[in-house]
Colleague: 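For reference, the structure I am asking about is given below.
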Amino acid sequence: MRSAGAPLSFRPRPGSIPDSPGVYRFRDAHGRVIYVGKAKNLRQRLNSYFADFSALHPRTQTMLTTAADVDWTVVGTEVEALQLEYSWIKEYDPRFNVKYRDDKSYPYLAVTMGDDFPRVQVMRGAKRKGTRYFGPYSHAWAIRETVDLLLRVFPVRTCSAGVFRRAGQIGRPCLLGYIDKCSAPCVGRVTPEEHRELAEDFCDFMAGNTGRFIKRLEKEMREAAGEQEYERAARLRDDIQALQRALEKQAVVLGEGTDADVIALAEDPLEAAVQVFYVRGGRIRGQRGWVVDKVEETSPGELVEQFLLQMYGEAGPEAMPREVLVPALPPDAEAITELLTEQRGARVDVRVPQRGDKKALMETVERNAKESLAQHKIRRASDLTTRSKALQEIADALDLDQAPLRVECYDVSHLQGENVVASMVVFEDGLARKSEYRRFAVKTKEGDVAAIHEVIMRRFRRYLEERSATGELTTGEPAADDPHEAHGPIDPETGRPRKFAYPPNLVVVDGAGPQAAAAQRALDELGIDDVAVCGLAKRLEEVWLPGDDQPVIMPRSSEGLYLLQRVRDEAHRFAITYHRSKRAKTVKESALDGVPGLGPARRQALLKHFGSVKKLREATVAEICEVPGIGPSTAEVIASTLKGESP
């Protein structure tokens, strides 16, 4: 079915959309597919796009204004919808769909079982038919170390086709054949069938079926020793040790026999990172990571669903685990489970671990995902060309005269209006300048907008005072005996920059229009007119200018928006850290405030001795008396007060 027309005028006729499961495509004016989606109920899903355009997410609005046509295909079940959605996304590569990409090229240990003489090698890139893959590994050298150990027991061919062919022509194997790390099928030492059996045993060991090989070698070693074939027994002993060393390189994390892929997410409003640990036989056999630009409003469950489709879309039965552990269930969990079960040929469970070892491993994978996202941001931010592009995009979007080489961002943090603090972070040339960060203990109790106004006033009043002290605000030539002459923003006594001496080109506040207006009002009151102001609203990543009714929507893939988000997130982190430390200090002090006759010095001595109010509350009177300056009567008062009793 199809309905066409101009942008936002191509809404299908009422009643023309079926209310059955299906997959739909939005196309642009040139007929290119720009978005593919699926729905349990096509009518309900598609009508949601056209019901209230202003209520849609800005990224969805962009997709709809780009589109000129929508069509759909009805399917019988939700599983069929998943399969068709995956195949269409792969076929059309739509620009508005989420696409996962490797955060680096991961090496695999591959066994070319499709060849007449299977070969063990390190492989990257697209997977080939007829080849068994193990991993991925973080480094190629980790694969080579494992292979070197296993070739003692499973001497499978590792040479290239040219070396293999040349050895057969001259009738002499390569070095590995002479040192017994290759069975030398090239010169007929073993038959093709015997060599294939070695390759199959190698694959079985790598797949986690390790116990039978070690038991077999131990039995052969005992038999050789019993027959007094000590040299052969020693070789078998070394083979067993080689297999055990190969196993030691793979950490045991879950019960033996556990086959699971453990998937974790780390995300922000613009990007997400995914990490997967592959557990086979209870051991971590590999690890892999992806990053993705979030081109639409997406929940964790939807990210998981899209990732599972991409990851297992073309995986063979041998690559499918019995269990997939995820941070959030997909919206169509039953359909996903049925699809993966069908692909594996046996039951696959998709679930969120709640407790125990699997929950602990999920937390480890999540830490890796967070680190991966942080490293991705650092790599992206460190590129000079990217930083220059980001600054220019900000200048263009905000209509600035020049790129904002110094950006200051302010964030307010509090807990229900208590312990209100604010942070100021500085980015120069797109990079964090941590020595310039500042913290503020906010005095006002009238909310975030008033707090922003206070902090901006305090920061720029200090800036004006610094300029006045250096003579920059005076007119005419400075006097010859002016002690501040030519010092500028550098303190002549310390040789360091004065705290608030450098003005920013752009002030960013965490918030929307009201916060941006408060910052601008503070600058106006101080007579500063050469500093631009904007607000960055966290929910939709909208950029607000003071006094504007509508936000500036920067392109989703904009490096400028990415930089503004990093600045805002850093200000938030810095403010939260200060707020927590201040709150902890307040809690400690307030707990002892109610103890009669206890002054600041003795309160500090008590906290230093016990380390925390909790340990002090659990202490006996005798233990409290051990603190210098605390007598028995005071100790009794402290103990009873902290326990809520009358002293």
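Below, all heavy atoms of this structure are taken into account, side chains as well, without hydrogens, waters or symmetry copies. Nothing fancy with the numbering, it's 1 onward along the sequence. Note that the coordinates shown come from a computational prediction; the quantities given were computed from them, not determined experimentally.
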Colleague: Measuring from Ile89:CD1 to Gln310:CD, what's the distance to the nearest 0.5 Å?
Modeller: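 Between atom CD1 of Ile89 and atom CD of Gln310 there are 9.0 Å.
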Colleague: Scan side-chain atoms only and decide if Thr444 and Glu454 contain a donor-acceptor pair under the 3.5 Å cut-off.
Modeller: no
Colleague: Okay, side chain of Gln392, backbone of Lys389: is any donor-acceptor separation there less than 3.5 Å?
Modeller: no
Colleague: Taking all atoms of both residues into account, what is the closest heavy-atom pair of Pro546 and Ala516, and its distance?
Modeller: CG-O, 3.7 Å
Colleague: Answer yes if the side chains of Glu408 and Tyr410 hold a donor-acceptor pair under 3.5 Å, and no otherwise.
Modeller: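 Note: Glu408 and Tyr410 side chains meet the donor-acceptor criterion.
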Colleague: Between the side chains of Tyr437 and Arg433, is a donor N or O closer than 3.5 angstrom to an acceptor N or O?
Modeller: no
Colleague: Taking CD in Glu525 as the centre, count heavy atoms belonging to other residues, nucleotides or ligands within less than 6.0 Å. Is the count above 12?
Modeller: yes
Colleague: Take Phe440 and Arg438 through the test side chain to side chain contact (heavy atoms under 4.5 Å, CB included) and record every step on the way to the result.
Modeller: CA-CA 7 Å; Phe440 301 85; Arg438 299 290 179 260; 4.3 Å; yes
Colleague: What's the separation between atom CG in Leu303 and atom CD in Gln306, rounded to the nearest 0.5 Å?
Modeller: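 CD of Gln306 is found 6.0 Å from CG of Leu303.
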Colleague: To the nearest 0.5 Å, what is the distance between OH on Tyr35 and CG on Leu64?
Modeller: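 Between atom OH of Tyr35 and atom CG of Leu64 there are 10.5 Å.
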Colleague: Which heavy atom of Gln275 sits nearest to which heavy atom of Val365, and what is that distance?
Modeller: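 In this case the closest contact between Gln275 and Val365 is O-CG1, 3.4 Å.
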Colleague: Provide the closest heavy-atom pair for Gly301 versus Ala328 in the form atom of the first, atom of the second, distance.
Modeller: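 Smallest heavy-atom distance, with atoms named: N-CB, 4.0 Å.
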Colleague: Verify the neighbour count for atom CD of Gln44: are there more than 12 heavy atoms of other residues, nucleotides or ligands below 6.0 Å?
Modeller: no
Colleague: With no hydrogens and no angle check, is any side-chain donor or acceptor of Glu393 less than 3.5 Å from a backbone partner on Gly560?
Modeller: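 Indeed, once roles are kept as given, a pair shorter than 3.5 Å links the two residues.
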Colleague: Is there a donor-acceptor pair under 3.5 Å between the side chain of Ser423 and the backbone N or O of Ala571?
Modeller: yes
Colleague: Got a second to check how far Arg27's CZ is from Ile34's CD1, nearest 0.5 Å?
Modeller: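 Answer rounded to 0.5 Å: 10.5 Å.
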Colleague: Does the side chain of Trp544 come within less than 4.5 Å of Val552's, by heavy atoms?
Modeller: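 A side-chain contact under 4.5 Å is absent here.
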Colleague: Hey, can you tell me if Tyr49 and Phe26 have their rings parallel, tilted or perpendicular (30° and 60° cut-offs)?
Modeller: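 The arrangement is perpendicular - the two ring planes meet at more than 60°.
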Colleague: Looking at CD of Glu542 and CG of Leu561, how far apart are the two atoms once the value is rounded to the nearest 0.5 Å?
Modeller: 10.5 Å
Colleague: Working to the nearest 0.5 Å, report the span between OG1 of Thr634 and CD1 of Ile624.
Modeller: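 It is 10.5 Å, given to the nearest 0.5 Å.
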Colleague: Under 3.5 Å, side chain of Asn505 to main-chain N/O of Arg406, donor-acceptor pair present?
Modeller: yes
